[in-house]
Amino acid sequence: MTQHTADTSRPADLRQALSVDPEKVLSISEVSELLGITAHTARYYERAGLLEVARSHSGHRVYDSATVERLDFLVRMRTSGMGISQLKRYVELVR
């Protein structure tokens with residue numbers, strides 16, 4: 001089970017970080033810091049099929065604003081007690 005802590009200041013920080021340049025992409029370390037999660041947690045959601053993350057030419061994960069917002073939503077739902085199987089079902093319905 002992946003553990004993460006909720007950061008109550010995150011919504012304003014997230015909106016501010018993403019509104020500066022909506023075309024900017026972030027690295028996994030930048031996203032992890034922004035959302036208050038570990039890189040391991042971010043990779044876990046990707047491996048679980050809950051998140052599709054683009055790759056740079058060198059193969060590094062790059063997160064655009066839509067992907068960061070999706071990851072933030074998934075982390076929040078998980079923090080609220082929603083299980084991974086329920087999150088998978090939700091993602092399937094959205095797709």
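Sequence positions, counted from 1, serve as the residue numbers for this chain. Scope of the values below: all heavy atoms of this structure, side chains included, with no hydrogens, waters or symmetry mates.
Listed for the Glu30 side chain is a donor-acceptor partner under 3.5 Å among the backbone atoms of Ser27. Here the side chain of Glu69 pairs no donor or acceptor atom with the backbone of Ala66 at under 3.5 angstrom.
Looking at heavy atoms from C-beta onward, Leu71 lies in side-chain contact with Val31 at the 4.5 angstrom threshold. Using a 4.5 Å heavy-atom threshold, the side chains of His60 and Val53 count as separate. For the pair Leu74/Val91, a side-chain contact is recorded, criterion being any heavy-atom separation below 4.5 Å from C-beta on. Taking the side chain as every heavy atom from C-beta outward, Arg78 and Gln86 never approach each other to under 4.5 Å. Put simply, the side chain of Arg43 reaches to within 4.5 Å of the side chain of Arg61, judged on heavy atoms. By the 4.5 Å heavy-atom criterion applied to side chains, Thr67 and Glu52 are not counted as neighbours.
Interatomic distance, Ser29 OG to Tyr63 OH, rounded to the nearest 0.5 Å: 10.0 Å. A distance of 11.0 Å separates CG of Asp64 from CZ of Arg70, quoted to the nearest 0.5 Å.
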* **Full working for side-chain contact (heavy atoms from CB on, under 4.5 Å) between Leu26 and Val68** => CA-CA 9 Å; Leu26 302 175; Val68 174; 4.1 Å; yes
* Would you check, one step at a time, whether the test side-chain contact (heavy atoms from CB on, under 4.5 Å) holds for Ile37 with Tyr44? => CA-CA 11 Å; Ile37 62 173; Tyr44 174 79; over 6 Å; no
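In this structure, Phe73 has its ring center no closer than 6.0 Å to that of Tyr45.
Residues Thr38 and Thr41 have side chains that bring a donor and an acceptor to within less than 3.5 angstrom of each other.
Taking the charged nitrogens against the carboxylate oxygens, Arg55 and Glu46 do have a contact shorter than 4.0 Å, which makes a salt bridge.
Remark: Glu92 CD is packed, more than 12 non-hydrogen atoms of other residues, nucleotides or ligands lying under 6.0 Å away.
Criterion: ILVMFWY side-chain heavy atoms under 4.5 Å apart, direct or through other members. Under it, Leu51 and Leu93 are not part of a common hydrophobic cluster.
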